[in-house]
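I have placed the structure first, in the form of structure tokens, so that the comments after it can refer back to it.
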Amino acid sequence: MPELPEVEHAVRRLRVALVGRAIVRARALHRSLRRSMTPARLRSLAGRTVREVSRRGKHQLLHLDSGALLHVHFRMTGDWEWHATGAPSPAHVRFALELDDATTVVLSDSRALATVAFVRGVADLPALGPEADDPTLTADWLRAALRGRRGAIKTVLLDQRLLAGIGNIYASEALWHAQLSPRASAASLAPARVTRLLAGIRKALARGMAREGRHEEGESHEFLVYDREGAPCHRCGAAIRRLVQGQRSTYWCPRCQRV
DNA sequence: TATGGCCTGTGG
DNA sequence: CCACAGGCCATA
């Protein structure tokens, strides 16, 4: 579940379950996580209290009372779940924290690509641009940040060093809102288009946050263009197309998203 | 820029 | 069987 809105929602839910609680036992249940979480490191979590949970882009940091930081990244399919300690575990549990209130928080991750590791500080995370939903960002800043970027805007939006938190879905969604072609050259976007792009990013992320807020699923459509190949554009009715950029799918409207 | 790797699951 | 999957890194 991993783009900025989904990770932010996961962090908020995790805080309720975890902040102020003491860890009784930590377990790594898949070899992909045992590489970073050795038995000694897992033991070092026992007895620790979680002071806070923070987010930077799609990265999560669990702040422990010992001063240690546990870094979690969901990658493609990670999510937090929890259940009563001793109850049957949900499917795909890769990492588990048994807490002092008889609940167990688990990292569920079908593809087992998520990562959990100790870090010393935010400096140990990969270089990240400002938060993609930072309300203080300006079009001038974005224009300067795009200057010198080679390649198509869709591909550039996925680079976390530009903006932290935009993934493959919201890149397509933002460009649809901005009515910009995903193939447009990032470096040569005219100022008015950069302004539209910033607004489009905000709209896409705001929609994502709103969607996360409702735990009611089943509503008409989740995304405006993503995964809608062949379906009519919600703005002009033309058939949505799919193309591949940098080995990732892009969805766009060929009529109302212009270069 | 493209490919492969990490992993497993789903759907055609 | 194959393609594809909301991420990211290392490699030529």
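Note on naming: letters A, B, ... go to the chains in the order of the sequence lines (proteins, then strands), and numbering restarts at 1 for each one.
- For the side-chain contact (heavy atoms from CB on, under 4.5 Å) with A/L107, the lone residue among A/T115, A/L29, A/D79, A/L33 that qualifies is A/L33.
- Under the Watson-Crick or G-U wobble criterion, with both distances below 3.5 Å, C/dA12 is paired with B/dT1.
- Rounded to the nearest Å, the gap between the P atom of C/dA5 and that of B/dA2 is 16 Å.
- The gap from the P atom of C/dC4 to that of B/dT3 amounts to 13 Å, rounded to the nearest Å.
- The side chain of A/M76 approaches C/dA5 more closely than any other nucleotide in the set B/dA2, C/dA5, B/dT8.
- One side chain, A/T104 or A/T85, offers a donor N or O that lies under 3.5 Å from an acceptor on the other.
- B/dT1 atom P lies 12 Å from atom CZ of A/R149, rounded to whole Å.
- Residue A/H92 places at least one side-chain N or O under 4.0 Å from the OP1 or OP2 atom of B/dG9.
- For A/R211, the listed nucleotide lying nearest its side chain is C/dG6; candidates were C/dG6, C/dG7, C/dC8.
- A/R94 places its CZ atom 16 Å from the P atom of B/dC6, with the value rounded to the nearest Å.
- Between the CD atom of A/Q245 and the P atom of B/dA2 there is a distance of 10 Å, rounded to whole Å.
- Within 4.0 Å of A/Y170, counting heavy atoms only, lies no atom of the nucleic acid at all.
- In this structure, A/H30 reaches the B/dT8 phosphate: one of its side-chain N or O atoms is under 4.0 Å from OP1 or OP2.
- Considering only side-chain N and O atoms, A/K58 lies nowhere under 4.0 angstrom from the phosphate OP1 or OP2 of C/dG6.
- Considering only the side chain of A/L113, B/dC6 comes nearest among C/dC8, B/dC6, C/dG6.
- Here the rule is side chain to side chain donor-acceptor pair (under 3.5 Å) with A/N168, and of A/E173, A/K154, A/Q245 only A/K154 fits it.
- A/S249 comes within contact range of the sugar-phosphate backbone alone, with a heavy-atom separation under 4.0 Å but no base atom that close.
- Relative to the side chain of A/S110, the nucleotides C/dC4, B/dG9, C/dG6 differ in distance, and B/dG9 lies closest.
- Among the candidates A/R13, A/K58, A/R55, the single residue satisfying the salt bridge (Lys or Arg N to Asp or Glu O under 4.0 Å) test with A/E8 is A/R55.
- For A/R248 and B/dT1, the CZ to C1' distance is 15 Å, given to the nearest whole Å.
- Checking side-chain atoms of A/S108 against main-chain N and O of A/A91 turns up a donor-acceptor pair under 3.5 Å.
- As rounded to whole Å, 19 Å separates atom P of B/dT8 from atom CZ of A/F74.
- In this structure, the side chain of A/D159 does not engage the main chain of A/V156 through any donor-acceptor pair within 3.5 Å.
- B/dC6 atom P lies 9 Å from atom CZ of A/R31, rounded to whole Å.
- Atom P of nucleotide C/dG7 and atom CZ of A/R111 are separated by 10 Å, given to the nearest angstrom.
- For C/dC8, the OP1/OP2 oxygens have a side-chain nitrogen or oxygen of A/H73 closer than 4.0 Å.
- Side-chain atoms of A/Q247 lie closest to B/dT3 of the nucleotides B/dT3, C/dG6, C/dG7.
- Among the nucleotides C/dG7, B/dT8, C/dA5, the one closest to any side-chain atom of A/Y226 is C/dA5.
- The distance between atom CG of A/L4 and atom C1' of C/dG6, rounded to the nearest whole Å, is 12 Å.
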